[in-house]
Amino acid sequence: MRKIFLFVLIVVSGIIMAGCINRGTSTTEVSKEELYAKLENTTTFGVLWNLELLNSTTREILATSKGKAVIYPNLVLSYRESKGENWISKSVITWENNEGSLIFVMTMDNETRKFEDSKEFNVTMARKMAFPGGEIELLLLNNMEFNSTKVEVKCDGECVLRIIKEDSEILYDIQGAWKIEYIEGNVTFDPNTKELSKVEIVMGTSQGFVEKIRYEFVKNNLNEIKAEIERIREELKNTS
C-alpha cells in the first residue's frame, strides 16, 4: 500500500508541478512574451483553474485536477484537488514571511493519510507553486524548440491570442525519449492593460496523453477566495 501511495503521489506531483478592432476581425501589435511578462509582473490577483488528463486514443479521462489561488505581494494561498479512479488528494499551500507550509491529504481505497511540512522559500517560488503555470510558459515563451509555430490575434472588445505549436524537440525522462506533438491555446486579454482574463490550452504528447487546462484570472472578490481556501485548510488540518 505504501508503494501505491508513493506512485500516486508522484503522478499527482506531475499533474500539478502561457490596437484591437471594433466589431470585426483584425489584428493588433502584441507579443506573446509581452503577455507573459505582464502576468509575471502582476503582484495581486486570483486564479481559478481546472485540468483533465486523457488517453489520446480512447479519450478516457485518467485524472482530473482543479484549484484556486490568491496572490498578494506578501501572501500566497493556494488549494488544489486531484482525482483518479480510486483516489483523491487535497492540498493547501500557505506562504507568508518567506515561509511556506503544506498540508496534503490523500484518500485511496478508503484509507486516508495526511502529510504536513514547512520550509523557507521566496515569493518567486511561492507563485510558481500556487497554480500549474508551466503550460502557460510553454505556450507563450520560446524556451523549447518546435518545428512549427503559428500566432494570430483577433479582437472584439477583448483580444484573443491564438497560438499553435507542433512537433517539439526530443525530451527525456525516466520512461525514455518523448516529445510534445502539439500545444495549442487561446489567451484572452485586455488590449489596453494587456492583463490576462482567461487561458485555454490543449497539449498532446507522444506518450499517448492529452492534457486540457483552463485558467480564469480575477482581480475582484479576492477576499472571498482567500476565505474559502482558509476554510478548506482548517478542514484538512482537522482530518484524522
Side-chain angles (χ1 to χ4, degrees), residues 14-42 45 47-67 127-128 131-173 175-218:
I15 293 175
I16 63 179
M17 281 294 231
C20 291
I21 63 165
N22 294 318
R23 313 302 298 180
T25 58
S26 183
T27 60
T28 188
E29 292 296 325
V30 64
S31 71
K32 48 190 176 59
E33 292 83 4
E34 182 181 1
L35 295 180
Y36 185 80
K38 181 65 178 182
L39 176 61
E40 284 290 284
N41 293 326
T42 301
F45 64 94
V47 56
L48 314 175
W49 58 271
N50 63 80
L51 179 153
E52 291 181 341
L53 185 68
L54 302 91
N55 180 300
S56 62
T57 302
T58 65
R59 294 290 163 165
E60 174 190 3
I61 297 177
L62 304 175
T64 63
S65 190
K66 64 181 180 180
R127 287 170 61 109
K128 288 186 179 297
F131 63 97
E135 291 85 347
I136 297 178
E137 180 178 346
L138 184 62
L139 185 71
L140 293 179
L141 299 185
N142 296 323
N143 294 340
M144 183 182 297
E145 292 185 7
F146 286 83
N147 285 335
S148 172
T149 299
K150 299 176 183 178
V151 181
E152 181 183 32
V153 184
K154 292 185 178 180
C155 302
D156 186 357
E158 288 186 313
C159 291
V160 177
L161 182 70
R162 172 72 174 166
I163 304 169
I164 302 175
K165 297 182 177 182
E166 296 178 326
D167 196 17
S168 80
E169 62 187 77
I170 299 298
L171 306 170
Y172 298 91
D173 61 18
Q175 295 181 335
W178 63 284
K179 67 179 180 179
I180 298 171
E181 295 181 339
Y182 64 89
I183 178 170
E184 55 184 68
N186 294 325
V187 181
T188 305
F189 64 96
D190 185 303
N192 298 311
T193 65
K194 304 300 187 294
E195 290 183 343
L196 307 189
S197 59
K198 183 170 63 176
V199 178
E200 299 176 324
I201 297 174
V202 179
M203 180 174 68
T205 75
S206 61
Q207 296 171 311
F209 299 118
V210 171
E211 179 185 298
K212 297 181 178 181
I213 186 165
R214 304 172 189 85
Y215 310 81
E216 179 185 355
F217 295 94
V218 296

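The figures that follow rest on heavy atoms only: side chains count, while hydrogens, waters and symmetry mates do not.
- For Glu181 (side chain) and Gly204 (main-chain N/O), no donor-acceptor pair under 3.5 Å exists by modelled atom type.
- Summarising the geometry, atom OG1 belonging to Thr57 is positioned 8.5 Å from atom CZ belonging to Arg59; distances are rounded to the nearest 0.5 Å.
- Leu53 contributes atom CG, which lies 10.5 Å from atom CD of Glu60 (distance to the nearest 0.5 angstrom).
- At a threshold of 4.5 Å between non-hydrogen side-chain atoms, the residues Ile201 and Tyr215 count as touching.
- Two residues are said to be in side-chain contact when any heavy atoms from C-beta on lie closer than 4.5 Å; Ser197 and Phe217 fail this criterion.
- Thr64 and Glu52 get closest at one heavy-atom pair: CG2-CG, 4.2 Å.
- A search for side chain to side chain contact (heavy atoms under 4.5 Å, CB included) contacts involving Glu166 returns Ser148, Ile164, Tyr182, not counting sequence neighbours.
- Lys32 and Asn142 share a donor-acceptor pair across their side chains, judged by distance under 3.5 Å alone.
- Considering all non-hydrogen atoms of both residues, Asn186 and Arg162 come closest at OD1-CD, 2.8 Å.
- Side-chain contact check for Glu195 versus Lys38: some heavy-atom pair is nearer than 4.5 Å.
- Distance CD1/Ile180 to CD/Glu211: 9.5 Å, rounded to 0.5 Å.
- Ser168 and Lys179 get closest at one heavy-atom pair: OG-CB, 3.5 Å.
- With sequence neighbours excluded, no residue satisfies salt bridge (charged side-chain N to carboxylate O under 4.0 Å, His left out) with Asp190.
- Atom CD1 in Ile163 sits 11.0 Å away from atom CZ in Phe146 (nearest 0.5 Å).
- Closest of all the heavy-atom pairs between Met203 and Leu138 is SD-CD2, 3.7 Å.
- More than 12 heavy atoms of other shown residues, nucleotides or ligands fall within 6.0 angstrom of atom CD in Gln207.
- In this structure, Met144 and Leu171 approach most closely via the heavy-atom pair CE-CD2, 3.9 Å.
- Annotation: side chain of Val202 is in contact with side chain of Glu184 (closest heavy-atom distance under 4.5 Å).
- In this structure, the separation between NZ on Lys212 and CZ on Arg214 is 6.5 Å, given to the nearest 0.5 Å.
- Side chains of Val153 and Phe189 form a contact here, defined as non-hydrogen atoms less than 4.5 Å apart.
- Residues Cys159 and Val30 have side chains not in contact (no heavy-atom distance under 4.5 Å, counting atoms from C-beta outward).
- In terms of heavy atoms, Ile183 sits closest to Leu139 at CG1-CD1, 4.1 Å.
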